[in-house]
Amino acid sequence: MNRPAKIAVAGSINMDLVVTAERLPVPGETVMGRQFRMIPGGKGANQAVAAARLGAQVSMIGCVGGDTFGAQMLEGLRREGIDTAFVGTAEETSSGVALIQVQGGGDNSIVVVPGANATLTPERVSQAEEAIRGADVLLVQLEIPPESVRRAVEIAHRHDVKVILNPAPAAELPLSLLRQINLITPNETEALILTGGAADASAVDGRSVSESMRQLKEMTGGAGIVVTCGGKGVLYDLDGKRGEHPAYRVDVADTTAAGDSFNAGLAVRWSEGAPLEEAVRFASKVGALTVTRFGAQTSLPTRDEVEAFEAPFRGDPA
């Protein structure tokens, strides 16, 4: 492809309120934290910024509140070169926020308050048909109203635009939606939830994930399946091939936005004409770089950084 990839992202725009501590508190307990930061985030905005830094032309479809956070986040998107023509402002509503706790080792827990993201109606999405129609790939997640996700996917499907659905946070999805996507990218737990399994991470094992992938293949009518498994790597069923890509061995600072950057990398390389297996390899490098840094959008790598990235796989001899 001689032109930049064109990506449309319909999704959430949040301000992340991040605290770090040696460990997370149990109910009723107070622990002393190390650091507090406010960092622009939201799964949709993270994916948009990640794709832009990887060289894509990006259109963002979403909503912010009529508050200071909203103004800051809009300005941040524009600084990244992202088209914000279809980002609305809900003047009487607060912007979405995510309360993120990061413990030693990089694992995190997140509580999301949708705020203005809940005002991204199907009507607002329809106003962005031009942006979706002109894209190579539409990226959607589930932090905006489900009816708006459906509208975005319907528009893309009507115009033969590829759709990547990152089903996070996991929720029950109608078959009519699943049959209109080209690629679905849950993590291990989300894959189980989507196929009627338990939301308990202890229930995740290789056999259960493999069965979930088989079920997702049936539910989507043959769409590509990519399951991210954190430090265990990535499992995929693409174009009739099942395989895995091991995780890279890196020093983990914070896993926030790792899945978002992975999805952006996948969308960009696929839009550029790369086979999906190659897109998975590229996306894995993007995700690996992301976890070596703190925060959501502050951690997202550039294209040059990804192309220069080298690291051994987990499990390789040291």
Item to check | Criterion side-chain contact (heavy atoms from CB on, under 4.5 Å) on L192 and S208, from CA distance to verdict | outcome: CA-CA 7 Å; L192 262 65; S208 63; 3.9 Å; yes
Identify each donor-acceptor pair in which a side-chain atom of residues 167-177 lies under 3.5 Å from a protein atom, sequence neighbours left out, and give them as a table.
none

Checklist entry - Going by an N to O cut-off under 4.0 Å, is there a salt bridge joining E307 and K285? => result no
Checklist entry - Does atom CD of Q35 have more than 12 heavy-atom neighbours from other groups under 6.0 Å away? => result yes
Going by atom type alone, with no hydrogens or angles, which donor-acceptor pairs under 3.5 Å involve a side-chain atom of residues 48-65 and a protein atom two or more places apart or on another chain?
{"residue": "R53", "atom": "NE", "partner": "E80", "partner atom": "OE1", "Å": "3.2"}
{"residue": "R53", "atom": "NE", "partner": "E80", "partner atom": "OE2", "Å": "3.4"}
{"residue": "R53", "atom": "NH1", "partner": "Q297", "partner atom": "O", "Å": "2.8"}
{"residue": "R53", "atom": "NH1", "partner": "L300", "partner atom": "O", "Å": "2.9"}
{"residue": "R53", "atom": "NH2", "partner": "E80", "partner atom": "OE2", "Å": "2.7"}
{"residue": "R53", "atom": "NH2", "partner": "Q297", "partner atom": "O", "Å": "3.4"}

Checklist entry - Would V280 and L266 count as a side-chain contact (heavy atoms from CB on, under 4.5 Å) if you check the C-alpha gap in whole Å, the side-chain angles of each, and the deciding distance to 0.1 Å? => result CA-CA 6 Å; V280 167; L266 200 60; 3.8 Å; yes
Checklist entry - Salt bridge between R214 and E211, side-chain N to carboxylate O under 4.0 Å? => result yes
Item to check | Between Y236 and E244: side-chain donor-acceptor atoms closer than 3.5 Å | outcome: no
Checklist entry - Is a donor on one side and an acceptor on the other found under 3.5 Å between the side chain of D16 and the backbone of I100? => result no
Next on the checklist: Applying side-chain contact (heavy atoms from CB on, under 4.5 Å) to F36 and V18, what does each step give before you reach the verdict?
Outcome noted: CA-CA 6 Å; F36 168 74; V18 187; 5.9 Å; no
Next on the checklist: Let me confirm one number: the CD-NE2 distance from E278 to H245, rounded to the nearest 0.5 Å.
Outcome noted: 8.5 Å
Next on the checklist: Nearest 0.5 Å, please: how far is CD1 in I225 from CG in L276?
Outcome noted: 11.5 Å
Next on the checklist: We want to know whether E123 and Q127 form a side-chain donor-acceptor pair, criterion being a heavy-atom distance below 3.5 angstrom.
Outcome noted: no
Next on the checklist: So which atom in G231 and which in A247 form the shortest heavy-atom distance, rounded to 0.1 Å?
Outcome noted: O-CB, 3.2 Å
Checklist entry - In terms of hydrophobic clusters joined by side-chain contacts under 4.5 Å, are V97 and M38 together? => result yes
Checklist entry - So does R303 pair up with E272, basic N to acidic O under 4.0 Å? => result yes
Checklist entry - Counting N and O atoms only, with roles assigned by atom type, does the side chain of K43 sit under 3.5 Å from a partner on the main chain of L142, one being a donor and the other an acceptor? => result no
Checklist entry - With distance as the sole criterion, is a donor-acceptor pair present between the side chains of T195 and S212 under 3.5 Å? => result yes
Checklist entry - Roughly how far, to the nearest 0.5 Å, is the OG atom of S94 from the CG atom of D67? => result 6.0 Å
Checklist outcome for this item: Hits for side-chain contact (heavy atoms from CB on, under 4.5 Å) against P122, two or more places apart or cross-chain, chain-then-number order -> E147, S148, R151
Checklist entry - Got a donor-acceptor contact below 3.5 angstrom from the Q103 side chain to the A21 backbone? => result no
Item to check | Side-chain donor/acceptor of N117 to backbone N/O of P114, under 3.5 Å | outcome: yes
Checklist entry - Do you know which two heavy atoms are closest between L216 and P186, and how far apart they sit? => result CD1-CG, 4.1 Å
Next on the checklist: Under a plain distance cut-off of 3.5 Å, with no hydrogens placed, do T256 and D254 share a side-chain donor-acceptor pair?
Outcome noted: yes
Checklist entry - Say you draw a straight line from CG of L74 to CZ of F69; how long is it, rounded to the nearest 0.5 Å? => result 14.0 Å
Item to check | Atom pair CD1 (I82) and CG (L77), whose distance is rounded to the nearest 0.5 Å | outcome: 5.0 Å
Item to check | side-chain contact (heavy atoms from CB on, under 4.5 Å) between V102 and V19, intermediate numbers included | outcome: CA-CA 6 Å; V102 182; V19 295; over 6 Å; no
Checklist entry - Which heavy atom in A98 sits nearest to a heavy atom in I110, and how many Å separate them? => result CB-CG2, 4.1 Å
Checklist entry - Side-chain contact, heavy-atom cut-off 4.5 Å: E143 with N14? => result yes
Give the table of side-chain donor-acceptor pairs shorter than 3.5 Å for residues 286-296, with sequence neighbours excluded, one pair per line with atom names and distance.
{"residue": "T290", "atom": "OG1", "partner": "S261", "partner atom": "OG", "Å": "2.8"}
{"residue": "T290", "atom": "OG1", "partner": "V286", "partner atom": "O", "Å": "2.9"}
{"residue": "T292", "atom": "OG1", "partner": "L289", "partner atom": "O", "Å": "2.6"}
{"residue": "R293", "atom": "NH1", "partner": "E305", "partner atom": "OE1", "Å": "3.4"}
{"residue": "R293", "atom": "NH2", "partner": "E305", "partner atom": "OE1", "Å": "3.4"}
{"residue": "R293", "atom": "NH2", "partner": "E305", "partner atom": "OE2", "Å": "2.9"}

Can I get a per-line list of side-chain donor-acceptor pairs under 3.5 Å for residues 178-185, giving both atom names and the distance, sequence neighbours left out?
{"residue": "R179", "atom": "NE", "partner": "M219", "partner atom": "O", "Å": "2.7"}
{"residue": "R179", "atom": "NH2", "partner": "E218", "partner atom": "O", "Å": "3.1"}
{"residue": "N182", "atom": "OD1", "partner": "V163", "partner atom": "N", "Å": "2.8"}
{"residue": "T185", "atom": "OG1", "partner": "L165", "partner atom": "O", "Å": "3.4"}
{"residue": "T185", "atom": "OG1", "partner": "N166", "partner atom": "ND2", "Å": "3.4"}
{"residue": "T185", "atom": "OG1", "partner": "N263", "partner atom": "OD1", "Å": "2.5"}

Checklist entry - Mind checking whether N187 and E190 have side chains closer than 4.5 Å, heavy atoms only? => result yes
Item to check | Donor-acceptor under 3.5 Å (S95 side chain, G70 main chain) | outcome: yes
Checklist entry - Can we say D136 and K6 salt-bridge, meaning some charged N sits less than 4.0 Å from an Asp/Glu carboxylate O? => result no
Checklist entry - About how many Å separate CG of L120 and OG of S12, when rounded to the nearest 0.5 Å? => result 10.0 Å
Checklist entry - If every non-hydrogen atom of E188 is compared with every non-hydrogen atom of C229, which pair is closest and at what distance? => result CG-SG, 3.5 Å
Checklist entry - So which heavy atom on A90 is nearest to which on A116, and how close? => result CB-CB, 4.2 Å
Checklist entry - Is it true that V112 and M73 fall in one hydrophobic cluster, defined by side-chain heavy atoms closer than 4.5 Å? => result no
Checklist entry - Does the side chain of H159 come under 3.5 Å of the side chain of E129 through a donor N or O and an acceptor N or O? => result yes
Checklist entry - Is there side-chain contact between V137 and V161, with heavy atoms separated by less than 4.5 Å? => result no
Checklist entry - Any link between L238 and W270 through a network of hydrophobic side chains (Ile, Leu, Val, Met, Phe, Trp, Tyr) touching at under 4.5 Å? => result yes
Item to check | For P25, side-chain contact (heavy atoms from CB on, under 4.5 Å) partners two or more places apart | outcome: E29, V31, Q101
Item to check | Any donor-acceptor pair under 3.5 Å from T121 side chain to R124 backbone | outcome: yes
Checklist entry - Do V250 and F282 share a hydrophobic cluster, counting only Ile, Leu, Val, Met, Phe, Trp and Tyr and linking them when any side-chain heavy atoms are less than 4.5 Å apart? => result yes
Checklist outcome for this item: Closest heavy-atom pair, P40 versus N46, reported as atoms and distance to 0.1 Å, is O-OD1, 4.0 Å
